[in-house]
Structures are given as C-alpha cells and as structure tokens.
Amino acid sequence: MTEVIRVSPDRPDPAAIARAAECLRAGGLVAFPTETVYGLGVHALDRAALRRLFEAKQRPASDPLIVHVASVEQLAPLVAAVPDAARMLAGLFWPGPLTLVLTRSAAVPDEVTAGLDTVAVRVPAHPVARALITAAGIPVAAPSANLFSRPSPTQASHVLDDLDGRIDLIVDGGSTTIGVESTVLDLSGDVPTVLRPGAVTVEMLREVLPRVEVHAGSHRTEIGDRRAGASAPAFETPMRAPGMLEKHYSPRAPLTLFEGRRDAALRALTVAARSALAEGKSVGIIAADEDREALAALGEDRRILIRTIGSREAVEAVAARLYASLRELDASGADVILVRGFPTDGIGVAVQDRLRRAAAGRIIHC
Ligand code: TXA
Ligand code: MG
C-alpha cells in the first residue's frame, strides 16, 4: 500500500517531513512535490533502492537520474570539480528549476548515472522538497514520479494513478507551480549545452554565460513502447541527452500538434476533429483561451471535449496546466488529442518541446 501524507505546501509539518525523511534514509520510495513536477525520491547512494525505483517506474536503466541536494555545499562530494560556471549559475538560479550536468565523482553509483561519467544535480526550490532533503541529510535521486512514458505528475493524484502500490509514500503538497520539468544544462563539455528546455530559459542563461548551445536532436523519439524492469539492458546505451531516445510525455491517445499561422492551424485542427468524429471517435482538444470562440464552430457534441488552458499572452499558466490537461483527456477516454501550439517565448519553448515529444512526429505545419 502507498501511504499519502498531506502537508501544507509552504509550511510542511516537521513531524510529517521527519517520517518521509526516515523512509528515504531507510531505502524507501517517496514521492514529493518540487516547483516543477512531483519527483519520486530515493537515497541516491543506495544501489538496491535505486534498482527498486527503476522497477517501480518501469524505467530503462539506461536513463540517468537527477540528484537533488539541499544546497550548493552538497554538490561538491558528487562531482569531480565544481567549475566556475557551475558556481555562478548555482548562485543565480539555485534553489530553482535548473539542473546542471557535471563530471561525476566516484561516490555516485552507476545506477544514478546509467554508467555515464557525468551526474545531473539540482537544488529544488519547493519548501516541501527542501525540508525533506534537508531532514533526510542525504542526496536524493528523483526522476519525475510517473510511470515511464506517461506525462509527468503535477498533483499527488497523478502519482497515485501511476504508482499506487508500487511506492511507499506520497507527500501531498498540492499542485506544483511551474508544471514542466527543470532546464537541463550540460556543463561537462567545452560549450554549455541545454539538453532540455525549462523555466530557466536559454535567454536567461545567455545573459550570464558567453556561449550556450541548444542540443540539436531535442525532438527525436523512439517509436514503440520500450519497457524496462529487470530485463532492461544494463548501462549499454546510456543517453547522452535527457529523455531524447524515449517516447516521453505521451498521453494514451495519439496527439497531433498544429503549428503555424492561426487561421490555417485552427482550420486544419477543425477538419481533423470533424473527420475523427465522422469515424466515430471522441476528440479531446487543448487550445488557448483565445481559440475558444473559433472552436465553437465545431458545435455541441458529447464526443468533443475542449480544454482551454490559458492565454497565449501568459504561457506560464499553460505550462502549469499542460500535463494535468493531457491526463484529464486521457481519463475522459478521448480517442485522439488535437493541440494548437503555443507561442514560443520564455517557457513556451519548454511547452513546445513537451508537446512535440508527445506528438511523436504527428506535427502539422500550417
Ligand atoms: O524538474 C525536474 O527535473 C524533475 C523534478 C522531480 O526535479 N525531475 C525530472 O527527472 O524530470 P527525470 O528523470 O524525469 O528527467 C531527468 C532527465 C532524464 O531524461 C535524463 O536523461 C537527464 O535528465 N539526465 C540525468 N542525468 C544526466 C546526465 N548525466 N547527462 C545527461 N542527461 C542526464
Ligand atoms: Mg521524467
């Protein structure tokens, strides 16, 4: 049985945190909120516990984990050296949604890094995450607390839907605020490279670093349903970049993304919706508030579920609601999901990245 402890997101009860911390220290699997998404925490230096974590998530052993620490002081033992750039970025963006990939030390088990010579580390900002990691007094490895290939969880109920009975504890601190996973920045090579876009944008990084590149293959996805567990190949093909070889962030229903000019995109989306309805399918649509009127042209039909998830002028709110909306449409039994793309300013780049991955190639350029 998975136990759920509810805590205040701002001032979590110290007794509840102490219990969750004890569970982590003892090798348990504990889901907890961060400012981005819920993480599934485990003692980062406990090999047996790490293996249980991969099994619970059905995650391939070849996909490395992010280690969460309470402060920059706890970074040093995990890495070969703390480069100046890392110290500077930590000072500016930690605690917060920025993960740094650095050359690892011998202290970090292969189970965390998938055999890579680097380790990903971040200091989360959420008060519950901070309290828990501080109380545990250990580095905490934590992937997103979803089953492999499902959208990341932004509420405790999402964690329960995916992992009930498979993990020990969920610390329920309400909805996460950012809603998409942290920016992953690789500092282990010659040029700092963004492997996964997030709330700390490339523009923000370029303001403080002379050069920042963005990983080119950020939308490659693996076709097919790669399931791991005990039979997963051990560290033979570690991923050089986060989630890039996975079918990641996927809702159950196939998702088609419509990008480009407004009128053309809305027209193409409407045509696709009508033809799915004509085939007897039910249709889920995710769009901006501004598109509601145009989509009303589809008429009243029980088989259409339209989720307007925020204004195109404020993509932060869209990011915060994106994964919950995908899960809602799945739960409603939608056979297909149609999405109009959002502006790619700021966190919009991360929203587009997650939508493109969810679309797994089904992108209509209008
Ligand atoms: O916001 C987040 O980052 C959330 C919360 C819980 O902190 N965590 C998260 O973890 O999204 P996960 O495991 O779902 O995604 C982490 C990504 C993985 O896709 C992995 O490939 C990449 O980070 N990663 C981890 N270690 C790496 C390394 N050494 N080199 C390159 N990428 C790495
Ligand atoms: Mg994940």
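Counting starts at 1 for both ligands and their atoms, in listed order.
Each of the atoms 6 (C) of ligand 1 lies under 4.0 Å from some heavy atom of Gly39. Atoms of ligand 1 found under 4.0 Å from any heavy atom of His68 (numbered from 1 in listed order, with element): 5 (C), 6 (C), 7 (O). The distance from ligand 1 to the heavy atoms of Glu181 drops below 4.0 Å at these ligand atoms: 1 (O), 2 (C), 11 (O). Close approach to Leu116 involves these atoms of ligand 1, each under 4.0 Å from a residue heavy atom: 28 (C), 29 (N), 30 (N). Per-residue contacts place Pro143 under 4.0 angstrom from the following atoms of ligand 1 (heavy atoms of the residue considered): 10 (O), 12 (P), 13 (O).
Between Thr118, Val67, Ile178, it is Thr118 that holds the heavy atom closest to atom 28 (C) of ligand 1.
Considering both main-chain and side-chain atoms, Ser144 comes within under 3.5 Å of ligand 1 through a nitrogen or oxygen pair. Taking any N or O of Arg196, backbone or side chain, at least one lies under 3.5 Å from an N or O belonging to ligand 1. For Thr99, no nitrogen or oxygen atom sits less than 3.5 Å from a nitrogen or oxygen atom of ligand 1, counting backbone and side chain alike. Of the N or O atoms in Asp63, one or more lie within a sub-3.5 Å distance of an N or O in ligand 1.
The closest approach between Ala142 and ligand 1 falls below 4.0 Å for a heavy atom of the residue. Heavy-atom separations between Leu65 and ligand 1 include at least one value shorter than 4.0 Å. Judged by the shortest distance from any of its heavy atoms, Arg122 lies inside the 4.0 Å radius around the atoms of ligand 1.
Note that the OG1 atom of Thr154 and the CG atom of Leu322 stand 9.0 Å from one another [nearest 0.5 Å]. One finds the CZ atom of Phe54 at 5.5 Å from the CZ atom of Arg59 (value rounded to the nearest 0.5 Å). One finds the CD1 atom of Ile286 at 11.5 Å from the CD1 atom of Ile306 (value rounded to the nearest 0.5 Å).
The main-chain N or O of Leu257 is never found under 3.5 Å from a side-chain atom of Arg362 such that the two would form a donor-acceptor pair.
If you look at Arg59 next to ligand 1, the close heavy atoms, those under 4.0 Å, all belong to the side chain. With a 4.0 Å heavy-atom cut-off, ligand 1 is reached by the side chain of Thr36 but not by its N, CA, C or O. Contact annotation: for Thr113 versus ligand 1, there are no heavy atoms closer than 4.0 Å.
Salt bridge Asp162/Arg327: present, at least one basic N to carboxylate O contact under 4.0 Å. Under a 4.0 Å N-O distance rule, the pair Arg25/Asp46 does not qualify as a salt bridge. Arg19 and Glu22 are not joined by a salt bridge, as no carboxylate oxygen comes within less than 4.0 angstrom of a charged side-chain nitrogen.
At a cut-off of 2.8 Å, Ser144 is counted among the residues with an N, O or S atom near the Mg ion (ligand 2).
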Please report, to 0.1 Å, the donor-acceptor pairs under 3.5 Å made by any side chain of residues 199-210, with sequence neighbours excluded.
from   : atom 1 : to     : atom 2 : distance (Å)
Thr201 : OG1    : Glu203 : OE1    : 3.4
Thr201 : OG1    : Met204 : N      : 3.2
Arg206 : NE     : Val212 : O      : 3.2
Arg206 : NH2    : Val212 : O      : 2.7

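In terms of the side-chain hydrogen bond (donor to acceptor under 3.5 Å, both in side chains) criterion, residue partners of Arg307 (sequence neighbours excluded) are, by chain and number, Glu328.
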_Working for side-chain contact (heavy atoms from CB on, under 4.5 Å), residues Leu255 and Leu326_ = CA-CA 9 Å; Leu255 182 151; Leu326 289 175; 3.5 Å; yes

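No option in Arg130, Arg122, His68 other than Arg122 meets the side chain to side chain donor-acceptor pair (under 3.5 Å) test with Thr34.
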